[in-house]
Amino acid sequence: MTAAETRRMLDAAGRRLLLLGWAAGSIGAAIVFISIGFLIPVFFDPAQQESIGRENLPFLVAVVILGGLILTPILARGCRRAFDWIDENREPSVAEHRRALGFPVWMAIVNATAWILGALAFGALNLHHGAGFAGVVVAAIWLGGETTTALIYLLTERIVRPLTAIALAARQPERSAALGIRNRLLFAWSLGTGVPVLGVLTVGVVGVTKTGVQPEYVGAACVFLGSVSMLTGLLATIVTAKAISDPITAVQDAVARLAAGELDAQVTIDDASEVGVLQAAFNRMAEGLRERERIRDLFGRHVGRDVAAAALAGGTRLGGEEREIGALFIDITGSTAVALAMPPTDVVRLLNRFFHVVIEVVEQNSGFVNKFEGDGALCVFGAPAPSDDPAGQALCAARTLAARLDRELAEVGYGIGVSAGRAVAGNVGSEDRFEYTVIGDPVNEASRLCEVAKQRDWIVVASATTVDRAGEREAEEWESRDREILRGRLEATGLAVPRRLRQASQV
């Protein structure tokens, strides 16, 4: 938020608070004055109503104006002390932070003090009419002041909610700094409905027990006080409901966004009660999910996405299982000479380009790169995710990979060996450090066939048994060649090469 936007927000909040103070004080005083007018015929001689009204009205107007003029600079100074740090674009001190979060309570206390002083002043003014009448005046002003102060608190809390959000973003309070949901509801009911209803009940009881009271006076007083009760109760309920429902609705919307995959979902913490705790908890949960997703992504990049998914689903159990796999081994030829002829950074850049193609082609054929070995890579098909045709996938990947490398990295020589068969795939190591690997004859054979491919300049060589294991369509893409005894073996292995792939000697 820019400095200009902050200044406008503070100015708008200040204007609304000033308007709230004057409006609440004036309307509250007018309602109390009218209420006392309705109460006089019930409690005292109806003939006194007009004279008492003429006597108190000028004093009421003077008190409202004088009180407003006194309270305006007090409230303005309190607002500056609570929120000036926002205008100055700095972190709040502990005291400033406490004042910012407690500003609605402070606003209510100041207004309640003004109402108490006003009640005492009017009680003293009317003492000459008798202690009973002065007591009724004080009680009526006190009850009206309670209701008005409650509404001022609820409305102030809503007006300064954007400022509260900035304060909570700067620092989380050690304990709740605002009324909780239960206390807000009780507060709104008792002062928005309970107090006016208490006045109605009092009038009703007096009307029933006191002799000589005319029913129309009791009825008029009850109707007026009941109407005030309905309006203030409705206003208090609406303000309280919005103060609770708005942040909860924001959390609900953010949860829906999170469920839809928007991991950047976040809510603004703008409540200093347990509602704010809920907002902060959601943000922590969302951050945890984002962190988990980053770890999952990093984990998948290191070990392969299928391996990561299997590990997250099945845990970290050591051991493996025997299954049908396809193995593809690829290695760069003349890598030592390349390393001597090029700077290390250029060698790494070349290897990254090379392995980018390898990974892309292998994953397109439902395999994964199990490990990088210097300038070579072992690629596996059929594990950890099972496959109906791992041999065919490995053979197709070998042909596609050779075609891609010839087009995109013609300056790099390489050899590819492909094999298929039964092998054990699983986690090898210890509980503290392990890796997913594939162990078995197909892996060894693919490495040996890669050596043959480089020695004979065939680029891609597969064992004849691998072609026999593949599906019919993929097998038609390969042709048999001679047999050769691979390193470390006693019997000759049948060799096969792609039908439509040029040999390395043609480069």
Novice: Answer whether the closest heavy-atom distance between the side chains of Leu490 and Ile485 falls below 4.5 Å.
Specialist: no

Novice: If every non-hydrogen atom of Pro442 is compared with every non-hydrogen atom of Ala327, which pair is closest and at what distance?
Specialist: O-CB, 3.8 Å

Novice: Residues in salt bridge (charged side-chain N to carboxylate O under 4.0 Å, His left out) with Asp253, at least two apart?
Specialist: none

Novice: Please examine the side chains of Val460 and Val497, heavy atoms only from C-beta on, and report whether any two atoms are closer than 4.5 Å.
Specialist: no

Novice: Salt-bridge test for Asp246 and Arg161: reply yes if a basic N is under 4.0 Å from a carboxylate O, no otherwise.
Specialist: no

Novice: Can you tell if the side chain of Glu445 reaches within under 4.5 Å of the side chain of Leu449, non-hydrogen atoms only?
Specialist: yes

Novice: How far apart are the C-alpha atoms of Leu75 and Leu17, what are their side-chain angles, what is the distance that settles it, and do they pass the side chain to side chain contact (heavy atoms under 4.5 Å, CB included) test?
Specialist: CA-CA 9 Å; Leu75 296 176; Leu17 289 171; over 6 Å; no

Novice: Answer yes when Arg399 and Glu474 have at least one side-chain N-carboxylate O distance shorter than 4.0 Å, and no when they do not.
Specialist: yes

Novice: Measure the shortest side-chain to side-chain distance between Leu350 and Leu409 over non-hydrogen atoms and say whether it is less than 4.5 angstrom.
Specialist: yes

Novice: Can you name the salt bridge (charged side-chain N to carboxylate O under 4.0 Å, His left out) partners of Glu479, sequence neighbours left out?
Specialist: Arg481, Arg499

Novice: State, to 0.1 Å, how close Val438 and Asn370 come at their nearest heavy-atom pair, and which atoms those are.
Specialist: N-OD1, 4.0 Å

Novice: Looking at residues at least two apart in the chain, or sitting in another chain, which of them share a ring pair (Phe, Tyr, Trp, His ring centres under 6.0 Å) with Trp106?
Specialist: Phe103

Novice: Salt-bridged, Lys454 to Asp331, with N to O below 4.0 Å?
Specialist: yes

Novice: Distance from Gln252 atom CD to Arg257 atom CZ, nearest 0.5 Å?
Specialist: 13.5 Å

Novice: Which atom names give the shortest non-hydrogen contact between Asn283 and Arg290, and what distance separates them?
Specialist: O-NH2, 4.4 Å

Novice: Residues two or more places apart in sequence or in another chain: which of them pass side-chain contact (heavy atoms from CB on, under 4.5 Å) with Ala100?
Specialist: Phe83, Trp85, Ala167

Novice: Under the ring pair (Phe, Tyr, Trp, His ring centres under 6.0 Å) rule, collect the residues that match up with Phe329, sequence neighbours excluded.
Specialist: none

Novice: Should we say atom CZ of Arg323 is surrounded by more than 12 heavy atoms from elsewhere, each under 6.0 Å from it?
Specialist: yes

Novice: Can you confirm whether Glu484 sits close enough to Val461 that some side-chain heavy atom of one is under 4.5 Å from a side-chain heavy atom of the other?
Specialist: no

Novice: Arg158 vs Leu154, test: side chain to side chain contact (heavy atoms under 4.5 Å, CB included). Steps then yes/no.
Specialist: CA-CA 7 Å; Arg158 182 158 189 83; Leu154 295 172; over 6 Å; no

Novice: Hey, does Leu495 have a side-chain heavy atom less than 4.5 Å from the side chain of Arg456?
Specialist: yes

Novice: List the steps, then state whether salt bridge (Lys or Arg N to Asp or Glu O under 4.0 Å) holds for Arg353 with Glu411.
Specialist: CA-CA 12 Å; Arg353 291 173 56 205; Glu411 70 275 19; 3.5 Å; yes

Novice: Relative to each other, are the rings of Tyr414 and Phe354 parallel, tilted or perpendicular (30° and 60° limits)?
Specialist: tilted

Novice: Report, one line per pair, each donor and acceptor closer than 3.5 Å where one atom sits in a side chain of residues 378-398; sequence neighbours left out.
Specialist:
| unit_1 | atom_1 | unit_2 | atom_2 | d |
| --- | --- | --- | --- | --- |
| Ser387 | OG | Asp389 | N | 3.2 |
| Ser387 | OG | Gln393 | OE1 | 3.0 |
| Ser387 | OG | Gln393 | NE2 | 3.1 |
| Asp389 | OD1 | Gly392 | N | 2.9 |
| Asp389 | OD2 | Gly471 | N | 3.4 |

Novice: What pairs with Asp441 under salt bridge (charged side-chain N to carboxylate O under 4.0 Å, His left out), at least two apart in sequence or on another chain?
Specialist: Arg489

Novice: Would you name the heavy atoms of Val467 and Ala475 that are closest together and state the gap between them?
Specialist: O-CB, 3.7 Å

Novice: Side chains of Asp346 and Arg349, heavy atoms from C-beta outward: is any pair under 4.5 Å?
Specialist: yes

Novice: Glu408 vs Val357, test: side chain to side chain contact (heavy atoms under 4.5 Å, CB included). Steps then yes/no.
Specialist: CA-CA 9 Å; Glu408 301 175 24; Val357 176; 3.5 Å; yes

Novice: Quick one: list whatever passes side-chain contact (heavy atoms from CB on, under 4.5 Å) with Ser480, sequence neighbours left out.
Specialist: none

Novice: Using the test salt bridge (charged side-chain N to carboxylate O under 4.0 Å, His left out), find all partners of Arg90 that sit at least two apart in sequence or belong to another chain.
Specialist: Glu88, Glu96

Novice: Does a donor on one side chain and an acceptor on the other come within less than 3.5 Å for Trp478 and Thr466?
Specialist: no

Novice: Under the side chain to side chain donor-acceptor pair (under 3.5 Å) rule, collect the residues that match up with Asp11, sequence neighbours excluded.
Specialist: Arg7

Novice: Apply side chain to side chain donor-acceptor pair (under 3.5 Å) to Thr400 and list each qualifying residue two or more places apart in sequence or on a separate chain.
Specialist: none

Novice: Would you please test Val369 and Glu363 for side chain to side chain contact (heavy atoms under 4.5 Å, CB included) and show each step?
Specialist: CA-CA 8 Å; Val369 179; Glu363 290 185 348; over 6 Å; no

Novice: Got Leu405 and Val361 here, is their nearest side-chain heavy-atom distance under 4.5 Å?
Specialist: no

Novice: Just to verify, what does Arg99 make a side chain to side chain donor-acceptor pair (under 3.5 Å) with, not counting sequence neighbours?
Specialist: none

Novice: Looking at Ala13 and Ile159, what are the two nearest heavy atoms and their distance?
Specialist: O-CG2, 3.9 Å

